[in-house]
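Below you'll find the structure, written out as structure tokens, and then a few comments.
Computed from a predicted model, the values in this text were never measured in an experiment.
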Amino acid sequence: MPAEWKRFLLIRLPIWVLGIVAAVELLAALLAGAPLDRHPLDRLVNGLPDLAGNAEIALTGDSVTRELAKYYDVDTDGRVLNLTTNKASAVVGVLLLWRRLSETAGTPPRHLVMAVTPEFLTYVPDPATYQTYVWSVFSRDDERATLRKLGYPDFPASRFPAVRSLQSTIYDPLMGRLFATGEPPTFGPTVPQTGIPTEGPGGEEVSASLLRARFDFDGSLSDVAARSLSALCSQLDGDGATLTIGWAPTPESVRRTWEEHGVLERLRERITRLEGCANTAFLDINGLAAFPDHAFRDLHHLRWPGWINAYGLVLKDLLAGLR
């Protein structure tokens, strides 16, 4: 091998590699603690410090309710905060978001309403989803300690985190530093209206065969999900707030199957037996309005605009009735 190549491989190349590594590590250190702007939960957390006023109700929910709240105003008197997210952050995300809210608001709301699919309460995110939607969002030492206590996985910092994961240590913080914005917990611009026709059978409705994927849900609570719910109930009790769980709209065939097998009744009993959760209230949105199979465009989400508006009418009345 020519001497020039030996000098390049043995001296110059290692120096260049070490220089790049050092530069990347320095940049990662400078970007540490930058606000993130990857998904709606990031923007919601970023917007909490800008809260004004003391709302009486905090509304949380998975993507079914978030979609409604994005377009419709179900709070016409300024009493409700829109803290809806999606399934990915699970119940533990609601717990940590509430803690952030109670710290920011001074006097936390008197009610927490979770308008969710039953599956949301039993959901435990896989490691990759958990790292993106929980671990990296709620990154304070006390929040990480809570996650460990509840049984969620730990993601200790690597010795060379920037080199091993440029996406999370360089790109995401850099984009956050440049473009991160807060998303105040407000509602959409349109008030749900009576008289809006709902979509009929056909069109983009979900297929009957696809809906069968929800038939096997049995309402089982894993240890992690149970501990998360119990921790949420205890936190609310300490803050002087109540918890109300409202079952989000469910396709009629799925609902009928669950009723035949007592799924929701068992799930309710399991929740109320958890430490701190005995006084949890339950609202059956499906008992106040019928949501047939053709009201859904997929397994969980309602068709637009008629059926989402119908959900908005029911939820608006339920929230207005909480005092």
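No more than 12 heavy atoms of other residues, nucleotides or ligands lie within 6.0 Å of CD in Glu265, so this atom counts as exposed by the packing criterion. In Asp77, the CG atom is crowded: over 12 heavy atoms of neighbouring residues, nucleotides or ligands sit closer than 6.0 Å.
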Exercise for review: Could you go through the side-chain contact (heavy atoms from CB on, under 4.5 Å) check for Leu319 and Ile57 one step at a time?
Suggested key: CA-CA 8 Å; Leu319 293 173; Ile57 302 169; 4.1 Å; yes
Practice item. Could you please spell out the steps behind the side-chain hydrogen bond (donor to acceptor under 3.5 Å, both in side chains) verdict for Tyr130 and Ser89? Key: CA-CA 7 Å; Tyr130 163 77; Ser89 56; over 6 Å; no
Practice item. Step by step, work out the side-chain hydrogen bond (donor to acceptor under 3.5 Å, both in side chains) result for Arg38 and Ser136. Key: CA-CA 11 Å; Arg38 303 159 300 173; Ser136 61; 2.9 Å; yes
Practice item. Please lay out, stage by stage, how Gln193 and Ile196 fare under the test side-chain contact (heavy atoms from CB on, under 4.5 Å). Key: CA-CA 6 Å; Gln193 301 288 330; Ile196 293 181; 3.8 Å; yes
Point to revise | Pair His39-Thr132, side-chain contact (heavy atoms from CB on, under 4.5 Å): steps then yes or no | key: CA-CA 9 Å; His39 45 66; Thr132 300; 4.0 Å; yes
Practice item. Could you walk me through whether Val64 and Thr117 pass side-chain contact (heavy atoms from CB on, under 4.5 Å), step by step? Key: CA-CA 8 Å; Val64 178; Thr117 60; 3.9 Å; yes
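Atom-to-atom distance recorded for Leu211:CG and His300:NE2 is 9.5 Å, nearest 0.5 angstrom. Between atom CG of residue Leu232 and atom CH2 of residue Trp98 there is a gap of 8.5 Å, rounded to the nearest 0.5 Å. The line from CG of Asp154 to CZ of Arg144 is 8.0 Å long, rounded to the nearest 0.5 Å. To the nearest 0.5 Å, the span separating CZ on Arg66 from CG on Leu83 amounts to 10.5 Å. Atom CG in Leu322 sits 5.5 Å away from atom NE2 in His111 (nearest 0.5 Å). Atom CG of residue Leu288 and atom CG of residue Leu318 lie 5.5 Å apart, to the nearest 0.5 angstrom.
Closest heavy-atom contact between Ala58 and Leu101: CB-CD2, 4.1 Å. The two residues Cys277 and Ser230 make their nearest non-hydrogen contact at SG-CA, 4.0 Å. Of all non-hydrogen atoms in Thr84 and Thr60, the two that sit nearest each other are CG2-C, 4.0 Å. Residues Leu41 and Phe138 come closest through the heavy atom pair CD2-CE1, 4.2 Å. Residue Leu221 comes nearest to Leu121 through the heavy atom pair CD2-O, 3.6 Å, listed as atom of the first residue, atom of the second, then distance. Considering all non-hydrogen atoms of both residues, Pro118 and Leu264 come closest at CG-CD2, 3.5 Å.
Side-chain polar atoms of Arg212 and Ser253 form no donor-acceptor pair below 3.5 angstrom. Looking at Asp237 and Ser234, their side chains never bring a donor and an acceptor atom within 3.5 Å of each other. Judged purely by distance below 3.5 Å, without hydrogens or angles, the side chains of Ser228 and Tyr152 pair a donor atom with an acceptor atom.
Side-chain heavy atoms closer than 4.5 Å link hydrophobic residues (I, L, V, M, F, W, Y) into clusters, and following such links, even through other members, never connects Leu313 to Val80. Both Ile285 and Tyr71 are members of a single hydrophobic cluster when ILVMFWY side chains are connected at heavy-atom separations under 4.5 Å. Note: the hydrophobic cluster containing Leu229 also contains Leu150 (ILVMFWY, side chain heavy atoms under 4.5 Å, direct or indirect links). Transitive grouping of hydrophobic side chains (ILVMFWY, heavy atoms separated by less than 4.5 Å) brings Val206 and Leu302 into a common cluster. Under the 4.5 Å side-chain heavy-atom criterion for Ile, Leu, Val, Met, Phe, Trp and Tyr, Val124 and Val92 are members of the same hydrophobic cluster.
The distance between the ring centers of His301 and Phe296 does not fall below 6.0 angstrom.
Partners of Glu275 under the salt bridge (Lys or Arg N to Asp or Glu O under 4.0 Å) rule, at least two apart in sequence or in another chain, do not exist in this structure. Partners of Tyr72 by ring-ring contact (aromatic ring centres under 6.0 Å, His included), not counting sequence neighbours, listed by chain and number: Trp304. Partners of Glu119 by salt bridge (Lys or Arg N to Asp or Glu O under 4.0 Å), not counting sequence neighbours, listed by chain and number: Arg214.
Between Thr242 and Thr280, the closest side-chain pair of non-hydrogen atoms is not below 4.5 Å. The shortest side-chain heavy-atom distance between Asn82 and Thr186 does not fall under the 4.5 Å cut-off. Between Thr104 and Leu48 the shortest side-chain heavy-atom distance falls below 4.5 Å. By the 4.5 Å heavy-atom criterion applied to side chains, Thr85 and Leu44 are counted as neighbours. Side-chain contact between Pro192 and Asn309 is present, with at least one heavy-atom pair separated by less than 4.5 Å. Between Met114 and Thr244 the shortest side-chain heavy-atom distance does not fall below 4.5 Å. Taking 4.5 Å as the limit, every side-chain heavy atom of Glu259 sits out of range of all side-chain heavy atoms of Thr257. Residues His261 and Asp218 are not in side-chain contact: their nearest non-hydrogen atoms beyond the backbone lie 4.5 Å or more apart.
The aromatic rings of Trp258 and Phe217 are tilted relative to each other, their planes meeting at an angle between 30° and 60°. Between Trp247 and Phe282, the ring planes lie tilted relative to each other; the angle falls in the 30° to 60° range. Relative orientation of the Trp307 and Phe291 rings is tilted, given thresholds of 30° and 60° on the angle between their planes.
Remark: Asp284 engages Arg255 in a salt bridge, criterion side-chain N to carboxylate O under 4.0 Å. Using a 4.0 Å cut-off between charged side-chain N and carboxylate O, Arg79 and Glu56 make a salt bridge. Ion pairing between a basic and an acidic side chain is recognised when a charged N comes within 4.0 Å of a carboxylate O; Glu204 and Arg297 show no such pairing.
A cation-pi arrangement is present between Lys87 and Tyr123, with the terminal nitrogen or guanidinium carbon under 6.0 Å from the aromatic centre and inside a 45° cone about the axis.
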